[in-house]
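Order of the sequence lines fixes the chain letters, A, B, ..., with proteins taken first and strands second; residue numbering starts at 1 for each chain. Please read all numbers here as calculations on a predicted model, not as lab measurements.
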2 protein chains.
Amino acid sequence: MMLETISERCRKVGIRMTGQRRLIIKVLEDSDDHPDVETLFERANKIDNKVSIATVYRTVKILKNAGILEKLEFNDGRSRFEDAVRNHHDHLIDVDSGTVIEFIDEEIEHMQKKIAKKLGYELIGHKLELYGKKNEGNH
Amino acid sequence: MMLETISERCRKVGIRMTGQRRLIIKVLEDSDDHPDVETLFERANKIDNKVSIATVYRTVKILKNAGILEKLEFNDGRSRFEDAVRNHHDHLIDVDSGTVIEFIDEEIEHMQKKIAKKLGYELIGHKLELYGKKNEGNH
DNA sequence: ATAAGTGCAAAGCATTTGCTTTGAA
DNA sequence: TTCAAAGCAAATGCTTTGCACTTAT
């Protein structure tokens, strides 16, 4: 199965493509970490300094509302955004270094649906973050 | 098994008990919803108007750092705090009404530990939020 | 053409902080 | 008595917005 790119999904829902949006989307697609909005802005700005941070904020909000991006909050007061459909995964945050590890566990995904159903709800989204300390061998 | 109250845990870790802190803790213990800091402040203030919102912020931060409270963020820009040990549970948020349902699922708790371990980490905390729409029967 | 997008700087909000006064131990 | 805590208001930091200008369709 071939997933659609962010741009393709934008076109599909009729989001007008401007130079800034194309650039911001490219930065998003090229990032394999979890940049906050400020970082996104810096990366875009390095390529083309005709992008303002207001536009970055506006763009990620539009893409989030269109269901194209997903908003992450790692308890540090800043928002991060990532592709909502490509590589769905949850996050494990190393509380010492801040490193973020992505993982996916089908069993957990399935149980979440089950729990929601049991409570009388249809699951439309979820957020799972694990916070951990590195296991230094077994001493 | 009898769990300790917030005040008892405060005393144990040597947090100085002032009238304001006692009041804020009482409000926390009496709340069975998930008040944000502003709401906490309003409730405390209604009982005794000698409490400032700065103190509420300072108090919840201290209790959080002592591991007594847990910070919740429901994607609305405000922070909420709740007892970290009493009634551990996760949350299902009704995206239409904002209602928050608490639940606990031992199986999911256990799987989270397992996943962290597999990734080389010791789980020290987690955040699980489900977002759902009410199931209106089966039509 | 024209409705939508952008930049800039100002405004908004939740949260934090500096400083003086108050109070717990 | 003495150092931590509180109150107040100013400051901060992330995010949003008003307005004049620009651009995609």
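If B/Arg58 and B/Ser79 are placed on DNA chain C by their nearest nucleotide, the residue sitting closer to the 5' end is B/Ser79. Nearest-nucleotide assignment on DNA chain C puts the 5′-proximal partner with B/Lys71, out of B/Ile15 and B/Lys71.
Between C/dT6, D/dA6, D/dC14, one nucleotide has an atom nearer to the side chain of A/Tyr57 than all others, and that is D/dC14. Here the side chain of B/Arg16 is nearest to one of D/dA6, D/dC3, C/dT6, namely D/dC3. Candidate nucleotides C/dT17, C/dA9, C/dT15 were compared by shortest atom distance to the side chain of B/Val37, and C/dT15 ranks first.
Between B/Phe81 and B/Val37, some side-chain heavy-atom pair lies under the 4.5 Å cut-off. A 4.5 Å side-chain heavy-atom check between A/Phe74 and A/His34 finds at least one atom pair inside the cut-off. Contact annotation: the side chain of B/Lys127 never approaches that of B/Leu72 to less than 4.5 Å [non-hydrogen atoms, C-beta and beyond]. Put simply, the side chain of A/Val60 does not reach to within 4.5 Å of the side chain of A/Lys64, judged on heavy atoms.
Rounded to a whole Å, the CG atom of B/Asp76 is 9 Å from the P atom of C/dA14. Between the CD atom of A/Gln20 and the P atom of C/dA4 there is a distance of 17 Å, rounded to whole Å. To the nearest angstrom, C1' of C/dT6 lies 15 Å from CZ of A/Arg22. Here C/dT22 presents its P atom at 22 Å from CE of B/Met17, a figure rounded to the nearest Å. Summarising the geometry, the separation between NZ on B/Lys64 and P on C/dT15 is reported as 11 Å, rounded to the nearest angstrom. The distance between atom CD1 of B/Ile62 and atom C1' of D/dA4, rounded to the nearest whole Å, is 9 Å. Rounded to whole angstrom, the span from the CZ atom of B/Phe41 across to the C1' atom of C/dT15 amounts to 14 Å. In this structure, B/Glu38 atom CD and C/dT15 atom C1' are separated by 11 Å, rounded to whole Å.
The shortest distance between the side-chain N/O atoms of A/Thr18 and the OP1/OP2 oxygens of C/dT6 is below 4.0 Å. Proximity of B/Lys61 to the phosphate of C/dT16: a side-chain N or O atom is located under 4.0 Å from OP1 or OP2.
Contact check on B/Arg78 versus B/Glu38 returns no salt bridge, with no Lys/Arg side-chain nitrogen under 4.0 Å from an Asp/Glu carboxylate oxygen.
Judged by distance alone with a 3.5 Å cut-off, no donor-acceptor contact links the side chain of B/Arg78 to the base of C/dA14.
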